[in-house]
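Scroll down for the structure; my scribbles are underneath it.
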Amino acid sequence: MTGAAASAAAASAAAASAQRIWGLVYRHLALYQRSWPRLLEITYFPTLELLIWGFTANFFSHAGGGSNKGMGGLVAGGLVAGVLLWQVMLRGQLGVTFSFLEEIWSRNLGHVFVSPLRPAEMVTTLLVISVMRTVIGVLPAVAIAYFCYAFNLFGLGPVLMLFFVNLLVMGWWVALGIVSLLFRYGAGAEALAWTLAFGITPLACVFYPVTVLPAWLQPFALALPAAHVFEGMRAALLHKSVAWDQLAQAALLNLIWMAVSVAVFGAQFRAARIRGALISIGE
Amino acid sequence: MDAIAVQNLTKRYKGTLAVDDISFTLPQGGVMGLLGGNGAGKTTTISMLLGLLVPSAGSITVLGHDMAKNRFAALARMNFSSPYIALPQKLTVLENLRVYGNLYNVRNIRGRIAELAEKFNLGELLERPAGELSAGQKTRVALAKSLINHPDLLLLDEPTASLDPDTGDFVRTALETYARESGAAILLASHNMAEVERLCDNVLMLKSGKLVDQGTPAALIARYGREDLEQVFLDIARNTGSAREFAA
């Protein structure tokens with residue numbers, strides 16, 4: 001095959017792959033378009049969490065003298081920023097696992113897995129949906145924080161995007177781990193989709209520095225990208241500085257965890273095809 | 001070229017032999033029935049042909065592609081329908097067909113859906129959610145989905161299960177027409193012996209995972225000295241009549 005022919009074949013394969021990914025993305029967009037409870041669910045918890053922690057932050061703010069410039073204000077800002085950013089991880093994770101579960105609930109996985117859609121394309125679809133769900137879920141809460149609690153998340157500056165990406169990627173590898181469990185244990189593992197990420201929260205150090213944890217627990221926290229992101233967030237809030245070392249560690253840890261998660265996903269998908277679990281995954 | 005070539009296919013689950021060393025070929029343009037009682041290995045065989053299940057031993061070649069190495073090239077040219085696998089219920093018929101048109105890389109999706117809507121009388125159903133359709137309407141939609149990519153090989157798992165005679169006949173006629181016009185091969189698992197006699201030019205009889213007999217419906221009926229395929233099926237399932245002599 002000549003170089004030009006190989007390029008044309010690669011471009012054609014890429015276009016075909018993009019069409020298949022769009023097909024499954026469209027399936028989810030069509031679903032949300034005619035299901036307001038699903039749309040409500042996306043924004044419900046981030047908004048609720050923000051309201052609860054926003055009032056708590058207000059309380060701290062007033063306890064600190066009623067000024068956002070005082071220590072109370074910084075604590076309040078840390079709480080609200082922590083809630084908003086942690087929702088990025090939670091929504092990112094739920095966006096993947098929930099979308100996969102939708103296929104199980106609708107008993108549609110059989111059709112999807114016998115179509116030419118590759119497993120990597122299915123994962124890409126889940127990630128695309130995850131980004132959409134995360135943005136739709138978190139933006140209203142960001143707006144409420146701004147209008148009701150006078151907290152501007154975008155005030156963190158461009159570094160906010162790095163926090164966002166790191167937490168989203170963390171949500172993805174946690175989600176791929178949960179989908180692997182769904183391949184292994186079927187829909188019986190569904191409850192993990194809702195609970196596993198919440199279990200990580202104490203180690204993510206969203207509202208307190210890692211040093212607050214007992215010494216034996218700190219290495220576990222530092223193995224999570226989230227702990228480094230929130231250390232970086234506190235540096236940005238308290239010192240108006242960018243903790244590049246923390247962000248670099250978060251990115252490196254995300255790379256490692258994502259590689260592990262993709263390997264586990266691939267292994268569990270292969271094992272599911274051997275055990276016949278793709279046929280009975282809904283049970 | 002054969003649409004399907006299966007060699008020594010075996011599937012073992014923790015000591016249970018679900019499919020036991022079966023071999024067969026389905027020529028392009030042929031219509032083959034896969035018959036057997038519950039637990040005979042029909043669904044397991046179809047699942048392996050679709051790449052959902054990895055065989056314990058043996059090989060499967062579909063449309064010239066080795067399913068162990070290149071299943072996606074084969075999957076793009078085949079399709080599948082089963083009443084036991086649903087289409088998303090909240091999506092309209094049109095949305096469902098668009099989804100699968102894209103998943104199967106159909107070029108002119110709008111045109112193809114229009115063709116299928118006319119062929120299967122789906123015009124008035126296109127804007128209705130799939131979950132609100134009757135069993136017969138769902139079957140017609142599932143059939144349209146299974147033909148969206150002009151498949152060269154169609155695998156069907158009990159295509160007329162729980163349908164009234166009129167809708168069942170509609171589906172059988174549609175399958176005959178598609179096979180004749182397109183030259184596609186069809187493999188169908190069914191418990192409706194009259195349907196198999198009408199549609200299939202070759203039949204595989206499975207029992208406890210083994211391929212116990214095969215041939216044209218007429219040849220099988222003659223071999224077992226029976227009046228129809230249903231009696232042959234019962235002989236094989238119960239090991240009575242000529243089936244006992246063959247087994248001996």
Side-chain angles (χ1 to χ4, degrees), chain A residues 9 12-39 99 101-122 125 183 267 269-283, chain B residues 11-14 16 18 43-44 46-56 67-68 71-92 94-107 109 127 129-131 142 145-146 148-149 151 155 157:
Chain A
S12 171
S17 179
Q19 186 183 3
R20 291 189 292 270
I21 291 168
W22 164 245
L24 208 52
V25 169
Y26 172 76
R27 174 254 192 278
H28 288 276
L29 292 181
L31 178 68
Y32 286 114
Q33 185 192 322
R34 53 188 74 252
S35 177
W36 67 262
R38 283 178 172 83
L39 277 175
S99 304
L101 281 167
E102 287 281 8
E103 302 294 358
I104 293 181
W105 294 329
S106 64
R107 298 191 298 125
N108 185 45
L109 265 184
H111 283 310
V112 172
F113 282 136
V114 302
S115 79
L117 187 83
R118 277 67 165 166
E121 292 165 354
M122 172 174 235
T125 300
F183 281 137
F269 184 75
R270 280 189 293 277
R273 287 184 62 226
I274 291 169
R275 286 196 317 277
L278 295 185
I279 304 162
S280 57
I281 198 167
E283 296 164 6
Chain B
K11 184 63 191 180
R12 189 178 288 106
Y13 294 110
K14 290 182 181 172
T16 304
T43 301
T44 304
I46 286 181
S47 297
M48 288 191 280
L49 290 170
L50 288 164
L52 277 175
L53 195 57
V54 177
S56 304
M67 288 299 279
R71 72 179 191 278
F72 293 110
L75 288 172
R77 294 175 53 202
M78 56 200 283
N79 213 313
F80 168 66
S81 180
S82 165
Y84 307 112
I85 300 178
L87 292 170
Q89 307 283 291
K90 286 275 181 190
L91 269 60
T92 65
L94 181 62
E95 288 165 343
N96 268 301
L97 293 175
R98 275 186 192 148
V99 168
Y100 283 95
N102 280 301
L103 287 181
Y104 281 90
N105 293 123
V106 175
R107 286 187 190 277
I109 294 175
E127 297 298 334
K145 172 264 165 191
S146 71
I148 191 103
N149 59 328
L155 302 186
D157 188 10

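So you know, we letter chains A, B, ... as the sequences are listed, proteins then strands, and number each from 1.
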What is the distance from atom OG of A:S115 to atom CD1 of B:I148, rounded to the nearest 0.5 Å?
12.5 Å
If you count heavy atoms of other groups shown closer than 6.0 angstrom to CZ of A:R34, is the number above 12?
yes
When heavy-atom pairs shorter than 4.5 Å are enumerated against chain A, which of B:V54, B:T44, B:L155 gives the highest number?
B:V54
Let's test your reading of the structure: which of B:A74, B:S47, B:P55, B:P88 forms the most heavy-atom pairs below 4.5 Å with chain A?
B:P88
Under the side chain to side chain contact (heavy atoms under 4.5 Å, CB included) criterion, do A:Y26 and B:E95 qualify, and how do the steps go?
CA-CA 8 Å; A:Y26 172 76; B:E95 288 165 343; 3.2 Å; yes
Is it the backbone or the side chain of A:V25 that comes under 4.5 Å from a heavy atom of chain B, or both, or neither?
neither
Evaluate the side chain to side chain contact (heavy atoms under 4.5 Å, CB included) criterion for residues A:H28 and B:L91: first the C-alpha distance (whole Å), next the side-chain angles of each, then the deciding distance (0.1 Å), finally the verdict.
CA-CA 9 Å; A:H28 288 276; B:L91 269 60; over 6 Å; no
Any side-chain heavy atom of A:V114 sitting closer than 4.5 Å to one from B:M78?
no
Identify which of A:G110, A:S35, A:S106, A:A16 forms the greatest number of heavy-atom pairs closer than 4.5 Å to chain B.
A:A16
With a 4.5 angstrom heavy-atom cut-off, which part of A:R118 approaches chain B: side chain, backbone, both or neither?
both
Contact part of B:F72 toward chain A, heavy-atom cut-off under 4.5 Å: side chain, backbone, both or neither?
both
May I ask you to test the B:L87-A:R27 pair for a side-chain heavy-atom distance under 4.5 Å?
no
Check each atom of B:R77 against the heavy atoms of chain A and say whether the ones under 4.5 Å are side chain, backbone, both or neither.
neither
Residue B:I109 versus chain A: region with a heavy atom under 4.5 Å
side chain
Can you see whether B:N102 engages A:R20 through a side-chain donor-acceptor pair at a distance of less than 3.5 angstrom?
no
For chain A, the option from B:T43, B:N149, B:N105 that forms the most heavy-atom pairs under 4.5 Å:
B:N105
Between B:Y100 and A:H111, what is the ring plane arrangement, given parallel below 30°, perpendicular above 60°, and tilted in between?
perpendicular
Distance from B:K90 atom NZ to A:E102 atom CD, nearest 0.5 Å?
10.0 Å
B:K14 versus chain A, the contacting section by heavy-atom distance below 4.5 Å
neither
Check each atom of A:Y32 against the heavy atoms of chain B and say whether the ones under 4.5 Å are side chain, backbone, both or neither.
neither
Do the non-hydrogen side-chain atoms of B:I85 and A:N108 ever get within less than 4.5 Å of each other?
no
Would you indicate whether the side-chain heavy atoms of A:R107 and B:Q89 approach each other to under 4.5 Å?
no
Please check if the side chain of A:Q19 supplies one atom and the backbone of B:V106 the other of a donor-acceptor pair under 3.5 Å.
yes
So how far is it from B:L50 CG to A:L278 CG, rounded to the nearest 0.5 Å?
11.5 Å
